[in-house]
Structures are given as structure tokens and as C-alpha cells.
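What follows is a short report on a single structure.
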Amino acid sequence: MSAQTKTIMDRCRAVVAKDPKVFLNKVGMGIADGGDRIGGQEAAIQTIHTFYIINEMIPVGGGSFGANLGGTFWSKDKGAEGVSEDSEGMRSLRRTLKKLIQTAS
């Protein structure tokens, strides 16, 4: 997980301290990229989902066989260019977004 993502999650603590139900029943999903196909993306999304659960949100994954916990990308160490070329990652993102929309509706 990037330091920037963790910082945002940590700073939400002040928001929740002011209103403990601010995120109640909000739906959230996780997206992660890595330099390898299995480069820690699922572990990063698990941390995001844990944040959602602690804050009484509804975490959504993409389902079995291809998206699992959320949208995962393989950048092949090419940054945004590699992510945009990852057709399997785009498929996992579409599956996860579909589940997010269904759950939010």
C-alpha cells in the first residue's frame, strides 16, 4: 500500500472522531497495482477492506475467478503505461465496478 493511501486512511480518523457514523453503510472497493501479477495487490486491498469494515462501510470485491477482492493491475514496472496495457487488470476493474454499482443500488 502506498504511503499516500495510508495517510488518507489515517487522517479519516479525525473525521470519524467528529462523527462516528460518517461512513456508515457507504460502499467501497479497492484497486491496487504492482510490478508483478501477484505483487501484493490483494494484501493492499485487504488493508483497504479492513479500513472499510472498521468504519462500518460495505466493502465490495469483484467475485471469484478473476477479480477476487478488487481491481488488481500488473504494471510490469512501467507505471501508468503498464497499468493501461493490462487487459486482465481492466477486466478485474470492470467486474469490481459492476459489483460496486449493484451493491450501491
Side-chain angles (χ1 to χ4, degrees):
M1 169 171 302
S2 73
Q4 293 84 355
T5 301
K6 184 67 170 87
T7 298
I8 290 169
M9 290 167 40
D10 290 345
R11 290 184 179 172
C12 283
R13 184 172 170 82
V15 175
V16 174
K18 185 173 181 180
D19 179 2
K21 301 296 182 187
V22 69
F23 295 124
L24 179 66
N25 294 326
K26 301 289 190 281
V27 181
M29 62 179 265
I31 303 170
D33 72 280
D36 243 330
R37 174 62 64 201
I38 309 168
Q41 295 91 323
E42 292 285 326
I45 294 173
Q46 282 179 318
T47 302
I48 294 168
H49 283 199
T50 299
F51 169 82
Y52 292 159
I53 292 165
I54 289 168
N55 289 290
E56 301 183 71
M57 293 177 65
I58 303 166
V60 174
S64 300
F65 306 107
N68 299 329
L69 292 179
T72 58
F73 291 92
W74 178 20
S75 70
K76 298 183 182 176
D77 293 326
K78 295 191 229 169
E81 179 186 340
V83 167
S84 66
E85 294 172 357
D86 182 11
S87 60
E88 187 64 27
M90 290 297 178
R91 188 178 74 76
S92 73
L93 177 63
R94 284 191 296 275
R95 284 183 57 139
T96 308
L97 279 170
K98 182 179 178 183
K99 293 273 192 170
L100 177 85
I101 292 166
Q102 288 172 344
T103 303
S105 297

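All values reported here derive from a predicted model rather than from experimental measurement.
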Query - Phe23 with Ile45, same ILVMFWY side-chain cluster at under 4.5 Å - result: no
Query raised in the report: Is Trp74 reaching over with its side chain to a backbone N or O of Gly34, donor-acceptor style, under 3.5 angstrom?
Result: no
Report task. Can you tell me which residue pairs pass the salt bridge (Lys or Arg N to Asp or Glu O under 4.0 Å) test with a partner in residues 67-91, sequence neighbours excluded? Result -> Arg37-Asp86, Lys78-Glu85, Glu88-Arg91
Query raised in the report: So which heavy atom on Met90 is nearest to which on Phe73, and how close?
Result: N-CE2, 3.4 Å
Query raised in the report: How would you list all residue pairs meeting side-chain hydrogen bond (donor to acceptor under 3.5 Å, both in side chains) that involve residues 43-53, not counting sequence neighbours?
Result: none
Query - Residue pairs involving residues 39-48 (criterion salt bridge (Lys or Arg N to Asp or Glu O under 4.0 Å); sequence neighbours excluded) - result: none
Requested in this report: Could you tell me the separation between the CD atom of Gln41 and the CG atom of Asp36, rounded to the nearest 0.5 Å?
Outcome: 8.0 Å
Query raised in the report: What distance separates Ser2 OG from Asp33 CG, expressed to the nearest 0.5 Å?
Result: 9.0 Å
Query - Set of salt bridge (charged side-chain N to carboxylate O under 4.0 Å, His left out) partners for Asp10, sequence neighbours left out - result: Lys6
Query raised in the report: Linking I/L/V/M/F/W/Y whenever their side-chain heavy atoms sit closer than 4.5 Å, directly or via other members, would Met29 and Val27 fall into one cluster?
Result: yes
Could you list the donor-acceptor pairs under 3.5 angstrom formed between side-chain atoms of residues 96-104 and any protein atom two or more places apart in sequence or on another chain?
from	atom 1	to	atom 2	distance (Å)
Thr96	OG1	Gly71	N	3.4
Thr96	OG1	Ser92	O	2.8
Thr103	OG1	Lys99	O	2.8

List the atom pairs, donor and acceptor, that lie under 3.5 Å between side-chain atoms in residues 54-67 and the rest of the protein, sequence neighbours left out.
from	atom 1	to	atom 2	distance (Å)
Asn55	ND2	Phe51	O	2.9
Glu56	OE1	Lys21	NZ	3.2
Glu56	OE2	Lys21	NZ	3.1

Report task. Answer yes if Ile48 and Val16 sit in the same cluster of Ile, Leu, Val, Met, Phe, Trp and Tyr residues linked by side chain heavy atoms under 4.5 Å apart, and no otherwise. Result -> yes
